[in-house]
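Accompanying notes for the structure given below.
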Amino acid sequence: MERETQDDAEDKRDASLIDDQVAVSSMKNQRLAVVSAPLYLDAPFLRPVTSNDWLPPMIDSVTTRSGAGPSSARKPRVRFAPSPTGFLHVGSARTFIFNWLYARHNGGTMVLRIDDTDVERNTEASLSSIFEGLRWLGLSWDEEYKQSERLAIHRQIADAIFQKGLAYRDFTPAHAGDTEKSGGQGTWLFNPGMRELSRAESDRRAAAGEPFALRFRVPRETEPQIRFVDSVYGEQSKSTADIEDFALLRSDRMPTYHLASCADDADLGMDHIIRGQDHLSNTFKHILIFEAAGVTPPEFAHLPLLVAPDGTKLSKRRHGPVVSVTTYRDAGFLPEAFVNFLCLLGWSPKDNREKMSRQELIDAFSLQGINRANAVVNFKEPAATPEETFDPKAIWLNAEHIRALSVDDLADRLMPIVREAGFTVGRCKMLQITKLIQERIKLLSDVLTGADFFFVDQLPPYDNAELVPQKGDVAMAEKVLKKAREVLARTDFKHDALDQALRAAAQELGLKAGQMFQPIRVAVCGRKNAPPLFETLEVLGRDTTLQRIEHAIQKLQ
RNA sequence: GUCCCCGUCGUCUAGCCCGGCCUAGGACAUCGCCCUUUCACGGCGGUAACACGGGUUCAAAUCCCGUCGGGGACGCCA
C-alpha cells in the first residue's frame with residue numbers, strides 16, 4: 001500500500017517536471033537574449049577593440065555575468081553539454097542523468113548547453129534527436145543555452161588570456177586532416193618558431209591579414225605539475241611537459257571546444273563539472289584555461305565510460321542502434337526503467353537496491369557512489385528479437401517497473417502502441433487485458449505479441465498439432481472442443497462459473513483438467529502460452545470464443 | 001609512441017579509503033526443484049569471481065612494488 005502511494009506521488013512529480021521543461025523551452029529565446037545583452041560593460045578584462053587587433057570587431061557589447069565562477073556550495077549549478085553532431089547516445093543520457101540527479105539531490109540548477117561550435121558537423125536532425133531523447137526520459141532542466149550564440153564571450157576570454165601573454169598566435173597553416181602526428185616520436189608540444197614570436201612581429205603579421213590559430217602558452221617552467229582532485233578519481237596530476245600548446249581559437253576565429261567550454265562554464269557559474277572519463281586528461285588543459293582567465297576552476301567529477309561487450313567505447317558506427325536512446329523508447333522501454341538501468345551502470349546506492357523510482361534515485365544519489373571502472377552495456381550485436389538485443393538486466397528492470405505500475409497507468413501507456421499497430425480497443429477492454437498481461441510482458445511492445453488474440457478478428461493460422469493435449473491425440477482434442485462448445489454455450493462467462501463448468505466437463509470426459517484446457521486455450525488464443533484461461537474467456541466473450549472453437553473443430557476435420 | 005585511468009562471478013555490483021566479522025554478499029543471466037490448467041509471477045537451491053607475481057603483517061580482496069591485460073586522451077573535433 002505504502003509503496004503504491006509513493007509511486008503515485010512520484011508520477012505526479014514527474015508530470016510536473018515535464019511541464020517545467022516545456023516552460024523552459026518556450027522561454028529559451030528570452031533567456032538567451034538576456035544573456036547576450038550589453039549589461040556589464042565594465043567587466044574587468046573587457047577592453048576596447050583596436051583596428052589592428054586580431055579579434056573580430058564584434059565583441060564590443062559582450063559581457064561576463066558578474067560573480068561568475070563557483071558560487072556557494074549550497075545550490076550547485078551543473079550542466080549537460082552535448083554537441084549536436086549525432087543522435088542522443090546512451091552514454092550522454094547517463095551523463096545527463098547523473099548531473100540531473102546531483103542537481104535535484106542538492107536543490108541545485110540543471111543547465112542544458114548545446115555545444116555547437118563545430119559548424120561543419122552540426123545538424124538539425126541531431127539537435128532534435130537530443131531534445132527528443134531528453135523529452136522521453138522526462139527529465140527537466142532549468143536553463144538552456146546555445147554556445148554558438150555566446151561566441152563573443154568566448155572570444156573575450158581568449159583575448160584576456162592573450163593580453164596577459166598566456167596565449168600566442170600560431171601562423172602555421174592548419175593541418176589537412178592528416179594523422180601522422182601521433183605515433184611519432186613522443187608528444188608534440190608546439191609548432192617551432194611560433195611560441196617565441198615577438199609580440200610586434202605577431203601583431204604585424206596579424207594586421208597583414210595572415211591567418212592564425214590562437215594557442216595557449218602552456219607554462220612549462222613555472223608550473224611543472226598541474227594538480228586537481230577529482231570527486232570520483234581522486235588526486236590527479238600531470239606534468240606540463242606532457243601538455244601540448246592546445247588551440248583556443250581556430251583560424252576562422254571560432255573557439256575550440258576547450259575554450260568555449262571553459263569560458264561558458266566560468267560565465268555560467270558552473271560549480272561541478274560531471275562528465276565522461278574521456279575528458280579526464282583534458283581537465284588539465286581546462287584548469288590552465290580557468291586559471292589564465294583568472295577564475296577559480298570548478299570541481300570535477302568524471303564518470304566511468306560505458307563500453308560495449310567488446311570493451312571499446314560505444315559508438316554508433318561500430319555498435320549500431322543499441323547506443324541510441326530512442327531505440328530503447330521505440331522498443332518499449334519505460335523511461336523510468338531505462339533511467340534506473342543507466343544509473344546502475346557505474347553507480348550504486350551501496351545497499352543492494354536495484355529497482356528504484358526516480359525519487360529514490362534522487363534521494364540516494366551521491367558522487368561517492370560512483371565507480372571508477374568502465375561498465376559494459378551487455379547487448380548482443382545482431383539479434384532477431386529485442387529481448388535478445390538488449391542488456392538482460394535492462395529488460396528485467398523494465399519488467400519490474402511495468403509490474404509496479406497501476407493497471408490504469410499501464411493501460412494508458414499500452415494504448416498508443418496498440419492503436420499505432422492498427423487495432424481498435426476501448427479503454428474498458430484494454431483495462432481488462434492489461435490486468436492479464438501485466439506480469440507477463442517485459443517490454444511495452446510485447447503487448448502486440450502477447451495479447452494480439454484479444455485485438456484481431458481472425459486468429460492467424462496455427463498448427464493443428466498445438467490443439468492436441470498432453471498424452472492425447474487428435475480425437476481427444478476434437479472430443480474436448482465439442483464438449484467445450486456445448487458447455488460454453490450455456491455457461492455464464494464469468495471466471496467462477498467457467499471454472500466450475502469446464503472442470504466438471506473434464507471429469508465427465510475422464511480427462512485431467514489440463515488436458516481439457518489446452519485445446520480450448522489454443523483454439524481461442526492460437527497458441528499454448530497465454531494468460532489464464534477463464535479470465536481470457538471472460539474478456540473474449542461468448543461469441544468470439546464459440547466462433548474460434550468452431551473454427552478449430554473444422555480445422556481438425 | 002607519450003601521458004592518464006582502470007582490473008571482484010559471463011554481466012552490473014557490495015566489500016577496498018579505516019587490513020581480521022570474506023570458507024567474498026546481492027542482482028541479472030543460466031541450470032535444477034517447488035507452486036501451477038499453459039505461460040508468467042512467486043518461492044527454494046546449484047554452477048560461477050578477488051588478473052598474476054612479489055613484498056609488508058600474527059593476518060591482505062583490502063596496504064606497497066612490479067608484471068600483464070583493458071580502456072581513454074594526445075586535432076585549428078567535441
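The analysis underlying the following values was restricted to heavy atoms, covering all of them including side chains, and did not include hydrogens, waters or symmetry mates. Order of the sequence lines sets the chain letters (A, B, ...), proteins ahead of strands, with each chain counted from 1.
Under the side chain to side chain donor-acceptor pair (under 3.5 Å) criterion, no residue pair touches residues 435-444 of chain A, with sequence neighbours excluded.
The side chain of A/Gln236 places no N or O atom within less than 4.0 Å of a non-bridging phosphate oxygen (OP1 or OP2) of B/C4.
The interatomic distance linking A/Asp170 (CG) with B/G75 (P) rounds to 13 Å, in whole Å. Taking atom CD of residue A/Gln225 and atom C1' of nucleotide B/C4, one finds them 12 Å apart after rounding to whole Å.
Put simply, the residue from A/Arg215, A/Lys285, A/Arg220 that forms a salt bridge (Lys or Arg N to Asp or Glu O under 4.0 Å) with A/Asp245 is A/Arg220.
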A correct 5'-to-3' footprint of nucleotides 9-25 of chain B, with B, S and - meaning base, sugar-phosphate only and no protein heavy atom under 4.0 Å, is --SBSSS---------B
Using a cut-off of 4.0 Å between protein heavy atoms and nucleotide atoms, how would you tag nucleotides 31-50 of chain B 5' to 3' with B, S and -? ------BBBBSS--------
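Of the P atoms belonging to B/U8 and B/A61, the separation is 15 Å, rounded to the nearest Å. Separation of the C1' atoms belonging to B/A27 and B/U23 is 22 Å when rounded to the nearest angstrom. As rounded to the nearest Å, B/U2 and B/U62 have C1' atoms that lie 32 Å from one another. Going from the C1' atom of B/A49 to that of B/C28 covers 15 Å, rounded to whole Å.
Using N1 to N3 plus N6-O4 or O6-N4 for Watson-Crick, or N1-O2 and O6-N3 for G-U wobble, each under 3.5 Å, B/U62 pairs with nothing. Base-pair partner of B/G7: B/C68 (Watson-Crick or G-U wobble, both distances under 3.5 Å). The partner of B/C16 cannot be assigned: no Watson-Crick or G-U wobble pair with both contacts below 3.5 Å exists in any strand. Taking a pair to require two hydrogen-bonding distances under 3.5 Å in either a Watson-Crick or a G-U wobble arrangement, B/C74 pairs with B/G1. Nucleotide B/C41 forms a pair with no other nucleotide shown, judged by Watson-Crick or G-U wobble geometry with both contacts under 3.5 Å. In a base pair of the Watson-Crick type (N1 to N3 plus N6-O4 or O6-N4) or a G-U wobble (N1-O2 and O6-N3), with each distance short of 3.5 Å, B/U56 is matched with no nucleotide.
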Review item, side-chain donor-acceptor pairs of residues 521-529 of chain A, under 3.5 Å, at least two apart:
{"unit_1": "A/Arg527", "atom_1": "NH2", "unit_2": "A/Thr449", "atom_2": "O", "d": "2.9"}
{"unit_1": "A/Arg527", "atom_1": "NH2", "unit_2": "A/Asp452", "atom_2": "OD1", "d": "2.4"}
{"unit_1": "A/Arg527", "atom_1": "NH2", "unit_2": "A/Asp452", "atom_2": "OD2", "d": "3.2"}

Using residues 466-474 of chain A as the side-chain source, report each donor-acceptor pair under 3.5 Å to any protein atom, sequence neighbours left out, with the distance given to one decimal.
{"unit_1": "A/Asp473", "atom_1": "OD1", "unit_2": "A/Ala475", "atom_2": "N", "d": "3.3"}
{"unit_1": "A/Asp473", "atom_1": "OD1", "unit_2": "A/Met476", "atom_2": "N", "d": "2.8"}

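Across all strands shown, A/Lys512 has no heavy atoms under 4.0 Å from either base or sugar-phosphate atoms. Using a 4.0 Å heavy-atom criterion, one finds that A/Thr312 contacts the sugar-phosphate atoms exclusively.
Shown here are the ring pair (Phe, Tyr, Trp, His ring centres under 6.0 Å) partners of A/Phe453, two or more places apart in sequence or in another chain: there are none. When the side chain to side chain donor-acceptor pair (under 3.5 Å) test is applied to A/Gln507, no partner is found at least two apart in sequence or on another chain. With sequence neighbours left out, A/Asp115 forms a side chain to side chain donor-acceptor pair (under 3.5 Å) with A/Arg113, A/Gln147. Not a single salt bridge (Lys or Arg N to Asp or Glu O under 4.0 Å) links A/Lys238 to another residue, sequence neighbours left out.
With salt bridges taken as basic N to acidic carboxylate O contacts below 4.0 Å, none links A/Asp170 and A/Arg195.
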